[in-house]
Amino acid sequence: MTERDTGTGYEAFRYHEITKHSPKSVRSGTHRIDWMDQPEPFKNYPDLSPIPLPERAPDTKFPIFRAVSGQLGEPRELNLAEIARLVVLSAGVKSSKSQPGGKPVHLRYYACAGALYPIEVYLACSGIEGLDDGVYHYSPEQDALRMVRPGDPRPYLVRGCGGRPSLGQAPVTVLLTGIPWRTNWKYQARGYRHLYWDSGMIVANLLALSASGGHSCEVVLGFADDELDVLIGIDGRNEMSICMVPIGFTESGRDPVAPASAPAEPVEHAVGKLSYRQREYDEVLEAHLQTSLRSPAEAGIWQQDPYPNQAPRPPEISFSGVERVIRKRGSKRQFVLDDISKEELEGIVASSTYDLACDWGQDLTQVAVVANAVEGVEPGAYSMVWGLQQIAFGELREKARFLCLEQDLGGDGAATFFLLTDLEDAFAALGSRSYRAAQLNAGIVGGRIYLCSYACGIGATGLTFYDDEVRAFFQTQAEPMLAVAIGR
Ligand SMILES: Cc1cc2nc3c(=O)[nH]c(=O)nc-3n(C[C@H](O)[C@H](O)[C@H](O)COP(=O)(O)O)c2cc1C
């Protein structure tokens with residue numbers, strides 16, 4: 001790894017360029033998946049005792065369209081049962097199935113590229129009845145917590161984030177980390193992008209569930225990387241801090257704690273082996289380093305105030321409850337070629353892009369769509385930045401299929417969304433850290449598209465894509481971050 005540059009975004013952009021898919025790169029790829037050495041899907045701390053989570057608090061049944069667009073439900077006590085509802089339905093195991101030639105797959109309540117589940121979940125807790133203050137690892141395999149660090153974590157969180165008040169007040173802050181090898185094993189260096197996409201899927205669930213329980217929450221990406229890694233007890237290379245979601249800060253009634261005067265002392269615990277032939281990708285380490293924030297002061301400067309949402313609150317086009325939708329969600333493996341309605345298309349996008357509470361201050365995701373079968377919308381390609389603006393005309397199923405790495409799901413959906421970010425603008429406004437924000441923002445919007453679609457009885461799937469072909473097709477300088485197809 002080399003020294004970090006001054007944060008112009010150039011290095012992150014280099015990573016983005018060299019991990020683009022194109023018909024040529026896909027056809028000339030020589031990577032062979034080593035099925036005998038598939039990384040372990042669960043992080044295991046053999047020396048730490050599990051603390052089983054209690055039964056989950058009852059479903060709120062709060063309408064998902066309200067929750068996704070940030071309205072709060074009836075306030076609930078943030079006790080362990082409520083924490084179990086939030087965490088298990090965000091990131092827990094939904095079902096397990098065997099896989100020919102590989103390890104069993106433990107499907108989760110969130111979508112994940114390739115079902116490789118590179119994201120780990122930790123909880124920084126203080127003042128929760130029945131739980132000592134500390135940082136805990138969440139095991140989705142056992143629905144149990146293990147304490148990785150004792151004591152009130154808030155002074156270190158506030159310090160690492162350059163003083164952000166929400167972290168000093170929240171009784172629970174969810175910390176997501178990524179284990180790059182779990183995804184690099186199959187997707188090589190491009191897998192670094194997946195850490196943010198997959199985290200976005202978890203965050204979409206978590207924000208909706210938190211809102212449904214009446215808890216304030218926000219997504220925080222401005223932290224001093226080294227300090228958060230040390231707090232959690234990870235090395236920042238084989239496992240990297242991704243983002244934090246403080247929950248329940250507004251209603252906690254607590255004054256923010258003062259920042260710690262020094263970083264946390266290191267903690268070390270034995271962990272189970274991930275795989276036998278684990279390797280690091282220099283491009284990934286380089287991109288991570290170049291998008292790191294080096295000090296609490298740098299983190300504080302990077303953070304933005306929330307961006308006031310000017311748009312009218314989106315229409316509620318379904319009243320399905322949050323928990324029901326999350327349980328029902330899955331990735332469709334086939335679409336019939338039936339229509340969805342214009343109201344559904346517009347309603348899903350309006351809610352999925354509405355009012356993201358985050359510390360990068362602005363929604364970085366622009367939506368473009370290939371509409372194949374949307375009643376009331378002429379088939380074609382559209383930008384959805386200001387309503388539906390037609391860019392290309394006619395039946396474009398074959399084109400959408402091609403853009404989505406020649407996968408049938410990309411062409412068979414009623415609509416295929418491309419979530420784009422103008423990286424040059426983002427770098428100019430927010431420096432190289434914005435690369436992480438752009439990927440995570442798209443992941444969250446993608447996760448919300450899943451939820452809103454399922455609420456309407458419409459299926460969805462995330463998809464990967466040919467980067468420059470998508471840009472050329474939509475005649476934009478924005479870069480595609482993620483694709484999502486929806487349909488019956
Ligand atoms: C960011 C992202 C990208 C994905 N890309 C593809 C893809 O290119 N092709 C595909 O068939 N499925 C894709 N999927 C769907 C996953 O394979 C699916 O989420 C995973 O197998 C878990 O299944 P589930 O979503 O039904 O729980 C993607 C999902 C996500 C979240």
Side-chain angles (χ1 to χ4, degrees), residues 19-21 23 25-26 29 33 38 41 88-100 102-119 140 176 178 180 182-184 186-188 190-206 242 325-335 352 365 400-413 416-421 436 438-454 458-467 469-470 480-487:
T19 55
K20 283 183 170 176
H21 276 330
S25 75
V26 167
I33 296 172
Q38 184 172 2
V88 175
L89 289 179
S90 292
V93 172
K94 179 177 65 171
S95 62
S96 300
K97 62 175 188 186
S98 56
Q99 180 180 223
K103 294 189 168 141
V105 183
H106 304 283
L107 293 168
R108 316 291 165 96
Y109 287 109
Y110 63 98
C112 169
L116 299 178
Y117 304 107
I119 306 305
L176 300 186
R182 283 214 192 111
T183 172
N184 294 158
K186 180 173 181 189
Y187 296 112
Q188 302 176 273
R190 188 170 164 103
Y192 180 62
R193 302 186 189 196
H194 298 201
L195 301 183
Y196 294 90
W197 300 347
D198 297 341
S199 294
M201 300 285 150
I202 297 177
V203 170
N205 285 1
L206 190 56
I242 301 291
V325 171
I326 290 177
R327 283 196 198 97
K328 220 167 48 164
R329 190 215 59 80
S331 294
K332 286 291 160 222
R333 301 295 81 194
Q334 204 177 1
F335 292 118
S352 302
T365 304
R401 177 189 169 280
F402 170 76
L403 294 177
C404 295
L405 223 73
E406 302 173 57
Q407 300 180 84
D408 289 344
L409 286 163
D412 291 348
T416 303
F417 296 110
F418 294 88
L419 309 180
L420 309 146
T421 298
R436 298 189 191 181
Q439 297 288 6
L440 182 62
N441 201 143
I444 297 169
V445 172
R448 287 172 156 186
I449 290 177
Y450 263 104
L451 297 177
C452 292
S453 301
Y454 272 82
I458 297 169
T461 183
L463 289 167
T464 195
F465 46 85
Y466 288 139
D467 296 74
E469 285 67 13
V470 171
M481 298 284 126
L482 186 57
V484 185
I486 67 169

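Because the structure is predicted, anything quoted here is derived from the model rather than measured. All ligand and atom numbering here is 1-based and tracks the order in the structure. What you see below is based on every heavy atom in this structure, not just the backbone, and it leaves out hydrogens, waters and symmetry mates.
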Any N or O of [X] that comes nearer than 3.5 Å to an N or O of ligand 1?
X	result
Met201	no
Arg329	yes
Asp198	no
Gly462	yes

ask   = For the ring pair His194 and Tyr187, is the centre-to-centre distance below 6.0 Å?
value =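 Between His194 and Tyr187, the centre distance is under 6.0 Å.
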
Go through ligand 1 atom by atom and flag the ones less than 4.0 Å from a non-hydrogen atom of [X].
X	answer
Leu482	1 (C)
Ala111	19 (O), 25 (O), 31 (C)
Leu409	11 (O)
Lys94	27 (O)

message = I'd like to know if Arg190 pairs up with Asp467 as an ion pair, taking the criterion as any Lys NZ or Arg NE/NH1/NH2 lying under 4.0 Å from an Asp or Glu carboxylate oxygen.
response =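 Result for this pair is yes, salt bridge flagged.
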
ask   = So Phe402 and Tyr466, would you call those rings parallel, tilted or perpendicular, with 30° and 60° as cut-offs?
value =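 Aromatic pair Phe402/Tyr466 classed tilted.
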
What residue and heavy atom of the protein are closest to [atom], and at what distance?
atom	answer
atom 11 (O) of ligand 1	Arg333 NH1, 2.9 Å
atom 21 (O) of ligand 1	Ala115 CB, 3.6 Å
atom 23 (O) of ligand 1	Leu107 CD2, 3.6 Å
atom 20 (C) of ligand 1	Cys112 O, 3.3 Å
atom 9 (N) of ligand 1	Gln407 OE1, 2.7 Å
atom 30 (C) of ligand 1	Ala113 N, 3.5 Å

task = Could you name the option among Gly114, Gly330, Ser331 that has the heavy atom nearest to atom 17 (O) of ligand 1?
result =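 Heavy atom nearest to atom 17 (O) of ligand 1 belongs to Gly114.
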
Rounded distance [0.5 Å steps], [atom1] in [X] versus [atom2] in [Y]:
X	Y	atom1	atom2	result
Tyr117	Asp198	OH	CG	8.5 Å
Leu107	Ser95	CG	OG	4.5 Å
Arg436	Leu195	CZ	CG	10.0 Å
Glu469	Leu403	CD	CG	7.5 Å

query = Does a donor on one side chain and an acceptor on the other come within less than 3.5 Å for Thr461 and Arg333?
reply =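 Yes, side-chain donor-acceptor contact under 3.5 Å.
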
task = With heavy atoms under 4.0 Å as the rule, classify the contact between Cys404 and ligand 1 as side chain, backbone, both or neither.
result =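 Neither; no heavy atom under 4.0 Å.
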
query = Looking only at heavy atoms, is any part of Val105 under 4.0 Å from ligand 1, and if so is it the side chain, the backbone, or both, or is it neither?
reply =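 For Val105, no heavy atom sits under 4.0 Å from ligand 1.
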
ask   = Should His194 be listed as contacting ligand 1, given a heavy-atom distance under 4.0 Å as the test?
value =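 In this structure, His194 fails to qualify as a contact of ligand 1 - no heavy atom is under 4.0 Å.
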
inquiry  = If we only consider heavy atoms of Tyr117, is any one of them less than 4.0 Å away from an atom in ligand 1?
reply    =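 So Tyr117 counts as touching ligand 1.
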
Can I get a per-line list of side-chain donor-acceptor pairs under 3.5 Å for residues 438-451, giving both atom names and the distance, sequence neighbours left out?
from: Gln439; atom 1: OE1; to: Trp197; atom 2: NE1; distance (Å): 2.8
from: Gln439; atom 1: NE2; to: Tyr435; atom 2: OH; distance (Å): 2.9
from: Asn441; atom 1: OD1; to: Trp360; atom 2: NE1; distance (Å): 3.0
from: Asn441; atom 1: OD1; to: Leu364; atom 2: N; distance (Å): 2.9
from: Asn441; atom 1: ND2; to: Asp363; atom 2: OD1; distance (Å): 3.0
from: Asn441; atom 1: ND2; to: Thr365; atom 2: OG1; distance (Å): 3.1
from: Arg448; atom 1: NH1; to: Ser352; atom 2: O; distance (Å): 3.3
from: Arg448; atom 1: NH1; to: Tyr354; atom 2: O; distance (Å): 3.1
from: Arg448; atom 1: NH2; to: Val68; atom 2: O; distance (Å): 3.1
from: Tyr450; atom 1: OH; to: Ser331; atom 2: OG; distance (Å): 2.7
from: Tyr450; atom 1: OH; to: Gly462; atom 2: N; distance (Å): 2.8

query = Do Thr464 and Gln407 come close enough that some side-chain heavy atom pair is under 4.5 Å?
reply =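 SC-SC contact between Thr464 and Gln407 confirmed.
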
query = Backbone N or O of Glu406 within a donor-acceptor pair of the Arg401 side chain at under 3.5 Å?
reply =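 Present.
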
Side-chain (Asn205) to main-chain (Tyr109) donor-acceptor, under 3.5 angstrom =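 Such a contact is found between Asn205 side chain and Tyr109 backbone.
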
